[in-house]
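Data block below; observations after.
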Amino acid sequence: MEPLLDVRNVKVNYRTERGLVHAVDDVSFSLRSPQNLALVGESGCGKTTVAKAILHLLADNASISAGEITFRGQQIHNIEEGEFDRYRWCEISVISQSAMNALNPVYTVGDQIVEAIQAHERMGRREALGRVRELFQWVGLPPERIRAYPHEFSGGMKQRVIIAMSLALRPSLIIADEPTTALDVIMQDQILERIVNIQRQSSSSILMISHDISVVTEVCQHIVVMYAGKVMESCSIEKFYQRPCHPYSMGLLMAFPTLEGEAKRLISIPGFPPNLLEEIDGCLFRDRCPFQRPVCGEIAPPDVEIGPGHVAKCHFAHQADELRPLSTKEETWEGSVA
Amino acid sequence: MTFSQGVVLEVRDLKKYFLVRRGFFRSLTRRDEQQYVMAVDGVSFSIRAGETLGLAGESGSGKTTTGKLIVHLLEATSGTIKFQGRESLRLKGGELKRFRRQVQMIFQDPYTSQNSRFTASKWVEEPLIIYGLGDPQSRKRQVMETLERTGLKPASHYMHQFPHQLSGGQRQRLAIARALVLQPRCLVADEPTSMLDVSLRAGLIKLIQSLTVELGLATLYISHDLSVMRYLCNRIAIMYLGRIVEIGPTEEILKNPLHPYSRALISAVPIPNPYSGRQRTQIPGEPSLRDQAIRGCRFQPRCPVSEARCLEDQPEMAEVEEGRMVACWRA
């Protein structure tokens with residue numbers, strides 16, 4: 001089956017005063033409907049840049065220097081702006097972290113959604129308002145609030161308005177960039193529940209971008225772990241939890257606090273991500289990796305296939321079963337200051 | 001009230017009301033009526049030396065206001081804050097200055113709370129100069145020691161760095177160094193890890209933990225993140241609309257929450273395990289400041305188990321087990 005979204009060997013560079021920053025370096029993944037895919041990583045790993053590249057929203061000093069992005073088999077990364085408008089909102093919509101602050105304060109929220117609908121579809125105002133009412137029900141907002149202004153909503157409710165808007169044209173792909181990061185935990189839980197339900201009912205797929213492993217675990221089926229612009233590991237959520245094969249994935253799982261089970265010892269990964277201005281030979285994670293060997297500094301690790309749909313960029317991915325028990329020990333990770 | 005053994009900080013019935021400013025026209029029509037936001041409304045707790053108390057709650061629960069009241073960044077409306085057995089709210093002049101030296105705060109955002117023109121050593125030395133402590137040589141020694149103590153090793157490397165040369169985790173360590181250099185007895189930490197990446201968070205949690213134990217600090221850790229608190233705090237207090245609704249030992253609260261709001265808050269925390277089968281929280285809506293005006297329990301409008309009495313009477317904190325208090329009629 002043809003993937004809904006296919007990102008293939010994409011590179012994105014930022015031109016800066018100090019040189020080229022390789023923010024996204026040879027990133028590939030594909031999202032097959034009705035799957036939800038998570039792009040996970042820490043600040044500066046390039047996950048949001050990937051989303052911007054898909055959406056034609058890259059800053060002026062950034063460009064896609066290699067690779068291709070296809071949507072339903074059609075290339076979308078090299079088409080003209082006007083042509084991409086066909087996809088925008090109708091096929092691919094966005095929920096971003098701070099989108100709730102992007103609502104126009106002087107229009108009612110209903111009018112703003114109607115405007116978005118009418119910009120892409122021939123539809124009368126009355127019909128469009130009917131659609132908005134339906135959307136409000138979906139996201140759990142009282143329909144009479146259509147006539148309210150953004151300042152009359154709390155943060156969580158504004159984020160629901162944004163979700164309603166992202167669904168307005170029944171897109172097949174929703175890109176959600178940290179959709180609940182700014183919200184309180186109870187509101188986050190309510191919104192995640194809506195997102196999961198809506199996605200089931202509407203047969204849209206979600207590309208979720210987040211640093212929060214626990215949030216993506218509840219929404220997505222597949223996870224792509226990024227580090228320093230590269231994909232370190234790509235697999236199903238279950239595999240990631242049970243059999244992570246990249247030392248970075250192992251570290252992330254051990255560093256993540258959880259309320260479940262007995263309180264384990266948290267580890268912290270020593271060191272920092274590398275400077276992306278420099279060309280680095282070998283593995284980008286090696287300086288922080290407790291299992292590094294001389295080869296890691298010389299040869300860039302290949303994508304090692306561990307099983308169907310499970311790839312890890314590590315020379316020792318096949319020995320992961322031996323490394324994993326060590327990765328749960330605090331001593332393994334002790335090193336320089338994080 | 002007697003001063004219990006080892007208690008460094010004791011907060012009793014602390015209140016902070018903010019007057020709501022109204023527009024000019026409304027002030028003409030309803031002259032006599034004044035409105036308040038009861039940001040903190042009768043909060044009590046104590047912290048012993050070497051202990052970390054977690055103050056948890058959603059935005060608007062009053063947890064940050066409570067922290068600011070303790071370090072005197074805000075003036076309390078009423079209540080008492082006893083520090084080492086002495087009432088601190090009415091301190092003035094030199095005594096207030098001594099108090100401030102011993103009660104330090106670290107803030108949430110390490111990117112905006114540091115002077116970008118100060119090197120690390122200058123930033124950490126400044127408080128010593130302000131308090132007139134030591135001579136340049138002893139100050140330098142103290143700065144180096146404190147930097148190393150917070151994990152900025154070797155200090156000779158970090159002392160010349162400017163904030164922009166440091167990562168978020170290192171900046172937060174620098175903030176802790178600045179607070180510690182004055183050898184405080186009490187540390188108020190307001191979401192110090194929330195802006196850090198996961199891989200660095202654990203390091204900072206461990207640092208705060210070990211400093212608290214080794215230096216015998218009384219640490220108040222303010223956060224909305226219960227899963228982080230689990231690794232750091234000996235006890236947790238859960239706040240809702242200006243009041244503590246439940247307080248007790250960390251694992252007991254997390255495993256067996258007694259207040260319906262604690263239950264909702266804990267069950268809303270996502271679990272990074274695809275097999276966990278977590279039940280989602282089932283409480284509707286959001287906290288509303290309007291609920292502060294309720295005669296009975298403030299959580300009643302959202303409470304799944306409320307009864308007639310909850311509408312009428314406000315439940316007070318009551319001890320249900322040793323060291324475990326809950327404010328709920330149904331507990």
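Not measured: the values here are computed from a predicted model. Chain A is the first sequence line, chain B the second, and so forth, proteins listed ahead of strands; every chain is numbered from 1.
- Here Lys206(B) contributes atom NZ and Ser268(A) contributes atom OG; the two are 5.5 Å apart, rounded to the nearest 0.5 Å.
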* Dump the intermediate steps for side-chain contact (heavy atoms from CB on, under 4.5 Å) on Thr217(A) and Asn273(B), then the final yes or no. => CA-CA 7 Å; Thr217(A) 298; Asn273(B) 170 2; 5.6 Å; no
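- Contact check for Arg265(A) versus Tyr231(B): no side-chain heavy atoms found under the 4.5 Å cut-off.
- In this structure a side-chain-to-backbone donor-acceptor pair under 3.5 Å is present from Asp197(B) to Ser43(A).
- With contacts defined as side-chain heavy-atom distances shorter than 4.5 Å, the pair Arg278(B)/Asp189(A) qualifies.
- Of the atoms belonging to Ile237(A), heavy atoms from both backbone and side chain fall under 4.5 Å from chain B.
- When every heavy atom of Ile186(A) is checked against every heavy atom of Arg302(B), the shortest pair comes out as CG2-NH2, 3.9 Å.
- Contacts between Leu196(B) and chain A at a heavy-atom distance below 4.5 Å are absent for every atom of the residue.
- Residues Ile271(B) and Leu259(A) have side chains in contact (heavy-atom distance under 4.5 Å, counting atoms from C-beta outward).
- Considering all non-hydrogen atoms of both residues, Leu200(B) and Gly271(A) come closest at CD2-O, 4.1 Å.
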* List the steps and the verdict of side-chain contact (heavy atoms from CB on, under 4.5 Å) for Glu260(A) and Val269(B). => CA-CA 10 Å; Glu260(A) 195 188 40; Val269(B) 177; over 6 Å; no
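- For Asp184(A) (side chain) and Glu58(B) (main-chain N/O), no donor-acceptor pair under 3.5 Å exists by modelled atom type.
- Neither the backbone nor the side chain of Leu207(B) comes within less than 4.5 Å of any heavy atom in chain A.
- Using a 4.5 Å cut-off between heavy atoms, Glu330(A) contacts chain B through its side chain alone, with no backbone atom that close.
- Counting heavy-atom pairs closer than 4.5 Å to chain A, the top-ranked of the candidates Pro284(B), Ser227(B), Ala202(B) is Ser227(B).
- Each of Glu42(A), Met254(A), Gln242(A), Gln188(A) has some count of heavy-atom pairs under 4.5 Å with chain B, and the biggest count is that of Glu42(A).
- The two atoms that bring Pro272(B) and Phe256(A) nearest to each other are CG-CD2, 3.8 Å, heavy atoms only.
- Summarising the local packing, CD of Gln201(A) is surrounded by more than 12 heavy atoms from other residues, nucleotides or ligands at distances under 6.0 Å.
- Residue Gln190(A) touches chain B through its side chain alone, counting heavy-atom pairs closer than 4.5 Å.
- Ranked by heavy-atom pairs under 4.5 Å with chain B, the list Leu252(A), Ile267(A), Ile213(A) is led by Ile267(A).
- His211(A) NE2 to Ser199(B) OG: the interatomic distance, rounded to the nearest 0.5 Å, is 11.5 Å.
- Side chains of Pro257(A) and Arg230(B) form no contact here, defined as non-hydrogen atoms less than 4.5 Å apart.
- With respect to chain A, the highest number of heavy-atom pairs below 4.5 Å among Ile205(B), Leu204(B), Leu226(B), Val198(B) belongs to Val198(B).
- Under the 4.5 Å side-chain criterion, counting only non-hydrogen atoms from C-beta, Glu218(A) is not in contact with Pro274(B).
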